[in-house]
Structures are given as structure tokens and as C-alpha cells.
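These numbers come from a predicted model, not from an experiment.
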Amino acid sequence: MDKFKLVLQYFQSNSESISNGICIILSLISVKLYTSFDFNCPCLPQYNKMYALGVMFVPPVILFLLGILVNRHTGVLMEEYVRPLGKRSKNPAVVKFLFSAVMQRALLAPMVWILMSLLDGKCFICAFSMNVNPKYFTGMPNSTGLDLIKILAKVPCKEDVIFKNSSFRKAVSRYVRCYSQAIGWSILLILIFLGTVARILKPCFNYPTFLQTRYWSNYLDVEQKLFDETCVLHARDFARKCVMQFLESMREDAALRLPISYALRPGQIQSEGAEEEEDRLHGITRQDQVNNLLESWYECKPELDVTKMAYKPKVCISWEDHNGKVLFSEV
């Protein structure tokens, strides 16, 4: 149970871990789907190859598109690729890194499906049994009245009566399955070899540049996540104030005007200022202001410089006499 909690905490730690977890789940789903799928070859020359190749490659395409759809980095990649230049320059290396990460994770589940179909051999037998040269096998039924292509097309159907008491079907199936498994193991070996070489040689090719690219790709993901979370908080405060204004007719004035007889203690002034600092609306109090703010965020991302101080709105407190004349103000 403790190990399961550690694994769960790892997958919840950041977006990259969540993406890896989703890829693993999709791979397990592909394994479950393939093992539960009832493969029935039509055993007809004009349909065998179409059906087998469809089963082998159509589900991987679906899993590939699903892997792209559920990957959070896909949205970050497209937003970074299509956004206007604004105050922040684009880094093509970051876009390439995000694209590579998305493709690698999206291809995992489809490759699992294809490898399983090749190692199992059913699809390969159904698709290519007609391409076997029958002269290398004995026991081919020759009293059925069928031509050679139709007999070979029925090889995947072990219950067919023409192969009763004949070793021809088993021999052809075993021969084609060996080819299928050889291709499957070869692809798996090549993928493992390429992954190993890439992992070993990665530090040898400008590793600081790779670290910079990875840092800024993670930054884009975290920035978008924080922006979404802040927008939720801002929208909640905006909705709360709108509802309170509707129910209690609250004022919209930013300035607090007090009679001269009302004296504010320093602690009260500090309390008002603290509450204003905690207010997440930051002066954005109208729909057109919110729309302009969101448009500005998209068209002109802020410069990557944290040394600049953000502008903080201040509260102006004015004291008036009984006639409404402003005596003095304090910010």
C-alpha cells in the first residue's frame, strides 16, 4: 500500500509525471483491448489483407490521437507556436522539445498495440497467408475444387472443413507467424537500442542547451497552469462582488470619504490596506477590462524579467466636513 501511495504521489508531482502516467494507462488499455478483442479473419482473398491491416493500424491511429488529446503539453505547444511575438521572443528549441515530448508519449500506446499484434501473429497470418509459396509445404488439399488463392486465404480459419486431417494449415500458419514475430522482436530491439543510444549520448551534445530548453518548456507549462489558477480566483472574486452588489447594493467607489468627526486609527488604516492587498481583482472590475486583460495576455506575453516591480493600486482615503468639502486626503 505504501509503494502504491509513492507511485501515486510521483504521478501527481508535476505535469510531466501526469503525462507519463496517462501514457502508461493508455498502454495498459491497449493491451486490455487487444487481449479482449475477438479477431475473426474473413478468409476471403479480397478482404483478408484489408481486415488484418485495418485491425493492426486503425486502433493505433485512434490511440495516437487520443494520446495527443489528453497530453497537457499539446495545448502548451500549440499556444506557444501560434501566439503573436509581443514582448517575448519565441524559442524554436522549446517548441521542438515540446513537440518531441508530445510525440514520444503519444506513440507509446500505438507501438504497444502494433508489437502485440506482430508477436501474436494472427493479423499477419490473415494478411499474408496468400503470399506463401505452397510448394514448400506438404499436405495441401487438392480435392476441394478451389483454386490456390482461395485455399491459402482460408489458412487463418482453422475450423474450415477443407483442412480436416491436413497439416498444411498448421505449417503455413507457423511459417507466417515466425515472420511476424521476427518483425515484432526486431522493431522492439531497434526501439530499445535507439533509446539507449539517445540516453547515453545526450550529455555529449551541448547538454547546457538541453537543460535550458527543458527549463523553459517546464516554465511555459507552469506559467499556463498558474495563469489558469489565478484566473479562477479572479473570476470567483469578480462573481462574488457582482452577486453581493446585486443582493446588497454595494458601492463601486474606490475612494473612502469620511466625515471629519470620524477618526481612523492607524491599525484600522493598515487593516484596510491589508484587505485591499489581498483582493485579487487588482482594479480589474469591469467586463471590458477583463476582456482587454485576457487579450493582452495572449497578444503580448510579459517579458521574462522578474526584477521589475508590478504596479499595486492604492486606496485613497479623504476626510470631508459636514458640507462635503474635502479637507485632506491620505493614500
Between CD1 of Ile149 and CG of Leu44, what distance do you get to the nearest 0.5 Å? 13.0 Å
Could you report the tightest heavy-atom contact between Ser117 and Ser180, atom names first, then the distance? O-OG, 4.1 Å
Working to the nearest 0.5 angstrom, can you tell me the gap between Met56 CE and Cys126 SG? 9.5 Å
Give me the one residue out of Phe168, Phe124, Phe128, Phe137 that meets ring pair (Phe, Tyr, Trp, His ring centres under 6.0 Å) with Tyr175. Phe137
If you measure from CG on Leu66 to CD1 on Ile62, what distance do you get to the nearest 0.5 Å? 9.0 Å
If you round to the nearest 0.5 Å, how far is CG of Leu226 from CG of Asp221? 9.5 Å
Look up atom CE in Met111 and atom CD in Gln104, then write down how far apart they are to the nearest 0.5 Å. 13.0 Å
State, with a plain yes or no, whether a side-chain heavy atom of Lys158 is found less than 4.5 Å away from one of Lys170. no
For Glu299, all residues meeting salt bridge (Lys or Arg N to Asp or Glu O under 4.0 Å), sequence neighbours excluded: none
Determine which pairs satisfy ring pair (Phe, Tyr, Trp, His ring centres under 6.0 Å) with at least one residue from residues 286-306, sequence neighbours left out, and list them in order. Phe227-Trp297
CG of Leu233 to CG of Leu281: how many Å apart, nearest 0.5 Å? 10.5 Å
Between Tyr34 and Asp120, does a side chain to side chain donor-acceptor pair (under 3.5 Å) hold up when you go through it step by step? CA-CA 10 Å; Tyr34 186 84; Asp120 183 55; 3.1 Å; yes
